[in-house]
Amino acid sequence: MTDNMIQAALAQVAAITQKAYEKAAAAGALSAGGENVPAKVDIPKDVSHGDYACSFAMAAAKTLGRNPREVAQVLMDHMELEGSFFDKVEMAGPGFLNFTLGKKWFSDVLSAVEAGGMGYGTSDEGKGKKINVEFVSANPTGPMHIGNARGGVLGDTIAAILERLGYTVCREFYVNDAGNQIHKFAVSIDARYRQLLLGEDAVEFPAEGYQGEDIKDLAKAIADEHGNAWLELPGEERLEKMAQFGLAVNKPRMKADLEKYGIRYDQWFLESTLHASGAVEEAVGQLTEKGYTYEKDGALWLNTTKLLKEKYLREGMKEEKVDKLELKDDVLRRANGFYTYFAADIAYHKNKLSERGFDTAIDVWGADHHGHIARLQAALDGLGLDGSNRLVIVLMQLVNLLQDGKPVRMSKRTGKAIALHDLLDEISVDAARFVFSATKSTSPLDFDLDLAVRQDSENPVYYVQYAHARICSLIAKMKNEEAMLVPAAAEVDAGVLQSPEELALLKTIARFPEELRLAGRDLDPSQIDRYLMGLAGDFHRFYNADRIKGEERELAKARLKLADSARSVLANGLGLLGVTAPEKM
RNA sequence: GCCCACGUAGCUCAGCAGGAUAGAGCAGCCGCCUCCUAAGCGGCAGGUCGGACGUUCGAAUCGUCUCGUGGGUGCCA
């Protein structure tokens, strides 16, 4: 009951080829041994090489003691295509067997799209496995910037893809509401607060403090609400109140900004709860029990070197190479008694993989954190949680914001970051979501404000949306002017679809479930963006080459069904990306 | 120094679970609306896939080395 017609066809080619070999071997036309050679099938780039190409003859030539073209010829002589997806098979080049799709397959594709509707491409591959997708997790100490927008779109779209593939997905935001950053946050607000009440010169602003205007706004809000009452409080209590006040303002703001991008979380997980519940202490304690920690200079250290070497050896790295690695250990508990971020992170991921029972934790991280990946995985391995396999990090390169082709400098410290909500004043959610998901996360993304703002064809999202709108308009016109509704797949003779443009479009439509599968496998939504651009292109070419209105009835019906199938998949794919599919433009 | 990512058309990037003649968009040049939306389509031009060696029937794709760019290498997060 798959609607993945690509996998169905690939499997059939392999089966047909294997059967042909068995038949040939039984008849004595080929020697034994070929049954152990896998029948590799792929899709040629060039349509003149058929729709599917099998390289079995080349791979098996040596084993069978014949040249590849001879093997291919014998296979063709023993091949049975009756009742299959294929009309013909040809031998080409060094010994490829090239299969050409026939009417049955095209007809099945139309039926699959119709039956699937907006769920076309859904599978049960994930078998309900629980996956936690954590993304953005920006420090709540200031406004989010454009990089957070990319991470938000990336994480949300990965989550959506995995849901389609049958995983049970939890979207999570990890709130760093403890530790050093928060302390700096509190100290910064406090300084601004006192400057406000005592005069700018009376209080020195800490060198390490956050410079942004938002800190001044928070200080002013505190002054408005509490006057100078907080001046009297003892230092620790005052800072605690400052931090809580700031978080209470910033957290809902982040939530609201993300929601503007259509991003909603299932879980906002507070780092502070890990400290309060003793979970951090517990995780560190377990590592100590297992002999992975030691004390030095008053601090508690994790023997990361040992953990990493064990990990690399398990993964098959050669011992001599492992010995040569220069690795460093990490502090878990500072000499001042406070746990490090790393210690909390270990406890946090232990919480995901153990206490909350997720099969896999996927984290979207900025590329500048990549050095952290192996260490965290190794630490989780040390806890017996198989972090090397169950913790998957999607690294995201940073965003270069351009204007007039020139880089706009961004820095949170100087408060010059372009805030998320300002960005949306400039460009639509559709454009933002498409642009942010269109580049593979491992590549840096140049985000040109001027380009994103433009509402023309240079902005790829409009190219895709336009295809959808065009089809909607077409369907409406056929209904109103020709009294023709989109027919059911069963009423369509797929055999009348024969132009290169029709076949190309239909084949691309058929690829959607497979593209979805691959995007999920690679955790790479950009594959969906590119697929949709290709699908839109195939439609535009079909639209230019083949008319519907005024054509002979059977052909018009089949083409209308084809167009509607393209519409359905465009809407489906855009929906996955969080982009709207307009009926008019 | 060590670790990681990335080097493909003028620019931005696909392709990297080895397959046949390496693709797209943009920029450039030339065309296509009496005809379902021209936010579209067609054509031309553009390449030592950073380099070398290796693995094999076959390498942009895998391995080793090398050059270049960026990042990491805190009792920061």
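Residue numbers start from 1 in every chain, and the chains themselves are labelled A, B, ... in the order their sequence lines are given, proteins ahead of strands.
Here the side chain of A:His468 pairs no donor or acceptor atom with the backbone of A:Leu570 at under 3.5 angstrom. A donor-acceptor pair is defined here as one N or O able to donate and one able to accept, closer than 3.5 Å; no such pair exists between the side chain of A:His183 and the backbone of A:Gly179. Looking only at distances, no side-chain donor or acceptor of A:Asp522 sits under 3.5 Å from a matching main-chain atom of A:Asp524. Using modelled atom types, one side-chain atom of A:Asn250 and one backbone atom of A:Pro140 make a donor-acceptor pair closer than 3.5 Å. Checked by atom type and distance alone, the side chain of A:Ser441 pairs as donor or acceptor with a backbone atom of A:Leu395 at under 3.5 Å.
The distance between atom CZ of A:Arg547 and atom C1' of B:C32, rounded to the nearest whole Å, is 14 Å. Distance A:Phe185 CZ to B:A77 C1': 15 Å, rounded to the nearest Å. We find that CZ of A:Phe96 is positioned 13 Å from P of B:G18, with the value rounded to whole Å. As a whole-Å value, the separation of A:Arg470 CZ from B:G40 C1' is 4 Å. At whole-Å resolution of the value, OH in A:Tyr210 and C1' in B:C76 are 10 Å apart. In this structure, A:Met396 atom CE and B:G72 atom C1' are separated by 16 Å, rounded to whole Å. Atom CE of A:Met533 is separated from atom C1' of B:A14 by 10 Å (rounded to the nearest Å).
Across all strands, A:Asn336 comes closer than 4.0 Å to no nucleic acid atom at all (heavy-atom distances). In this structure, A:Ala545 reaches neither bases nor backbone, as no heavy-atom distance under 4.0 Å exists between it and the strands shown. Contact annotation for A:Glu583: base contact, defined as any heavy-atom pair under 4.0 Å involving a base atom. Residue A:Pro68 is out of contact with every strand shown, counting any heavy-atom pair closer than 4.0 Å. Using a 4.0 Å heavy-atom cutoff across all strands shown, A:Asn480 reaches no nucleic acid atom at all. A:Ser473 comes within 4.0 angstrom of a base, heavy atoms only. A:Asn67 comes within 4.0 angstrom of nothing in the nucleic acid, heavy atoms only.
Here A:Asp538 does not pair with A:Lys507 in a salt bridge; the nearest charged N to carboxylate O distance is not below 4.0 Å.
For A:His49, the ring-ring contact (aromatic ring centres under 6.0 Å, His included) test picks out no residue, with sequence neighbours left out. With sequence neighbours left out, A:Tyr339 forms a ring-ring contact (aromatic ring centres under 6.0 Å, His included) with no residue at all. Qualifying side chain to side chain donor-acceptor pair (under 3.5 Å) partners for A:Arg333, counting only residues two or more places apart in sequence or in other chains: none. A:His275 pairs by the ring-ring contact (aromatic ring centres under 6.0 Å, His included) definition with nothing, not counting sequence neighbours. Under the side chain to side chain donor-acceptor pair (under 3.5 Å) criterion, A:Glu515 pairs with A:Arg511, not counting sequence neighbours.
Residue A:Ser55 has its side chain nearest to B:G19 when only B:G19, B:A14, B:C41 are considered. Listed nucleotides: B:A20, B:A39, B:C75. Nearest to the side chain of A:Ala53: B:A20. Taking the side chain of A:Pro44 as heavy atoms from C-beta on, and the options B:A20, B:G15, B:C76, the nearest nucleotide is B:A20. Set against B:A14, B:C36, B:G19, the side chain of A:Asp42 has B:G19 as its closest nucleotide.
Under 4.0 angstrom from either OP1 or OP2 of B:C6 there lies no side-chain N or O belonging to A:Lys440. Residue A:Tyr463 places at least one side-chain N or O closer than 4.0 Å to OP1 or OP2 of B:C41. Look at A:Arg334 and you'll find a side-chain N or O under 4.0 angstrom from OP1 or OP2 of B:C76. In this model, the phosphate group of B:A14 is approached by a side-chain N or O of A:Ser443 to a distance below 4.0 Å at OP1 or OP2. Listed pair A:Asn139 / B:A77 fails the phosphate criterion, with no side-chain N or O lying under 4.0 Å from OP1 or OP2.
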Can you give the donor-acceptor pairs under 3.5 Å from side chains of residues 324-331 of chain A to other protein atoms, not counting sequence neighbours?
unit_1, atom_1, unit_2, atom_2, d
A:Asp329, OD1, A:Thr304, N, 3.2
A:Asp329, OD1, A:Thr305, N, 3.0
A:Asp329, OD1, A:Thr305, OG1, 2.7
A:Asp329, OD2, A:Tyr294, OH, 2.6
A:Asp330, OD1, A:Arg375, NE, 3.4
A:Asp330, OD2, A:Thr304, OG1, 2.6
A:Asp330, OD2, A:Arg375, NE, 3.0
A:Asp330, OD2, A:Arg375, NH2, 3.3

Please tabulate, for side-chain N and O atoms in residues 473-487 of chain A, each donor-acceptor pair with protein atoms closer than 3.5 Å (sequence neighbours left out).
unit_1, atom_1, unit_2, atom_2, d
A:Asn480, ND2, A:Ala476, O, 3.1
A:Glu481, OE1, A:Lys549, NZ, 2.6

Can you tabulate the close N/O pairs, meaning under 3.5 Å, that link protein atoms to atoms of nucleotides 57-66 of chain B?
unit_1, atom_1, unit_2, atom_2, d
B:C57, OP1, A:Lys62, NZ, 2.9

Check the interface with nucleotides 42-46 of chain B: list each N/O to N/O pair with the protein under 3.5 Å, or write none.
none

Nucleotides 67-70 of chain B: which of its N/O atoms have a protein N/O under 3.5 Å away?
none

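The strand RNA chain B forms stems, runs of 3 or more Watson-Crick or G-U wobble pairs with distances below 3.5 Å, at B:1-7 with B:67-73, B:10-13 with B:23-26, B:28-32 with B:40-44, B:50-54 with B:62-66.
Applying the salt bridge (charged side-chain N to carboxylate O under 4.0 Å, His left out) rule to pairs touching residues 427-438 of chain A yields A:Asp156-A:Arg433, sequence neighbours excluded.
Side-chain contact annotation: A:Thr100 with A:Asp51, donor-acceptor N/O pair under 3.5 Å absent.
The base of B:A14 is not paired with the side chain of A:Asp529 by any donor and acceptor separated by under 3.5 Å.
Distance check on atom C1': B:A14 versus B:G25 gives 10 Å, rounded to whole Å. One C1' atom belongs to B:C13, the other to B:G18, and the distance between them is 22 Å to the nearest Å. Comparing the same atom, P, in B:U34 and in B:G51 gives a spacing of 49 Å after rounding to whole Å.
Cation-pi geometry between A:Lys88 and A:Phe99 is not satisfied (NZ or CZ under 6.0 Å from the ring centre, within 45° of the ring normal).
A stacking contact between A:Tyr543 and B:G40 is absent: the pair does not combine a ring-centre distance of less than 5.5 Å to the base's six-membered ring with planes differing by less than 30°.
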